[in-house]
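See structure below.
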Amino acid sequence: MTPLPGRPVRGSTTGRPVMALLDLLGRRWALRILWELRDSALTFRALQQRCDGVSSSVLATRLRELAEADLADHSGDGYALTEQGRSLFGTLVELDAWASRWRPRQPS
């Protein structure tokens, strides 16, 4: 079942929105798919190639989950981010910038 706010998800029986999002994004290939869709729509085959040959069954499952979560959708041009997906991607870019500056404390 696709993790969505209000549904029980990994780490939250109440389906807190942030926990639902982290559960969804923590699934294999989900973040990579969002990343590859950042610039333009891609066909299933093109997306599969950009994702280093992810299996077609896993890709289809992730695309279905991302569509149910209204983050990606299929149109005549292929798969693309929805408005919500583009908004999330902007937040992920900020998170990526933070992660690039992240320096865990060294043990003493």
Heavy-atom pair with the smallest gap, counting every atom of Cys51 and Ile33: SG-CG1, 4.1 Å
Arg38, CZ atom: more than 12 neighbouring heavy atoms under 6.0 Å: yes
Single-linkage hydrophobic cluster Phe89~Val18, side-chain heavy atoms < 4.5 angstrom: no
Closest approach of Gln48 to Ser55 (non-hydrogen atoms, all atoms of both residues): NE2-C, 3.8 Å
Note: Glu68-Arg64 ion pair, threshold 4.0 Å (strictly below): no
Main-chain N/O of Ser100 paired with Arg103 side-chain donor or acceptor, under 3.5 Å: yes
Side-chain touch Pro3/Arg10, heavy atoms, less than 4.5 angstrom: no
Minimal non-hydrogen separation, Ala30 against Leu66, with atom names: O-CD1, 4.3 Å
Validation row: Phe44, Leu59 side chains within 4.5 angstrom (heavy atoms): yes
Side chain Arg7, main chain Leu4, donor-acceptor under 3.5 Å: no
Close side-chain approach of Asp52 to Arg32, heavy-atom, < 4.5 Å: yes
Single-linkage hydrophobic cluster, 4.5 Å side-chain cutoff, Leu22 and Leu34 together: no
4.5 Å side-chain heavy-atom contact, Val54 and Leu47: no
N/O donor-acceptor pair under 3.5 Å between Arg16 side chain and Ser12 backbone: no
Any donor-acceptor N or O pair under 3.5 Å, side chains Thr2, Glu65: no
Derivation and outcome, side-chain contact (heavy atoms from CB on, under 4.5 Å), residues Leu24 and Val9: CA-CA 9 Å; Leu24 178 62; Val9 295; over 6 Å; no
Beyond-backbone contact of Leu71 with Leu81, side-chain heavy atoms, under 4.5 angstrom: no
Under 3.5 Å: donor-acceptor pair, side chain of Arg50, backbone of Trp35: no
Contact list for residues 72-98, test side chain to side chain donor-acceptor pair (under 3.5 Å), sequence neighbours left out: Asp70-Gln84
Side chain proximity check, Thr14 to Pro8, heavy atoms < 4.5 angstrom: no
Closest contact, heavy atoms only, Leu37 versus Ala72: CD1-CB, 4.2 Å
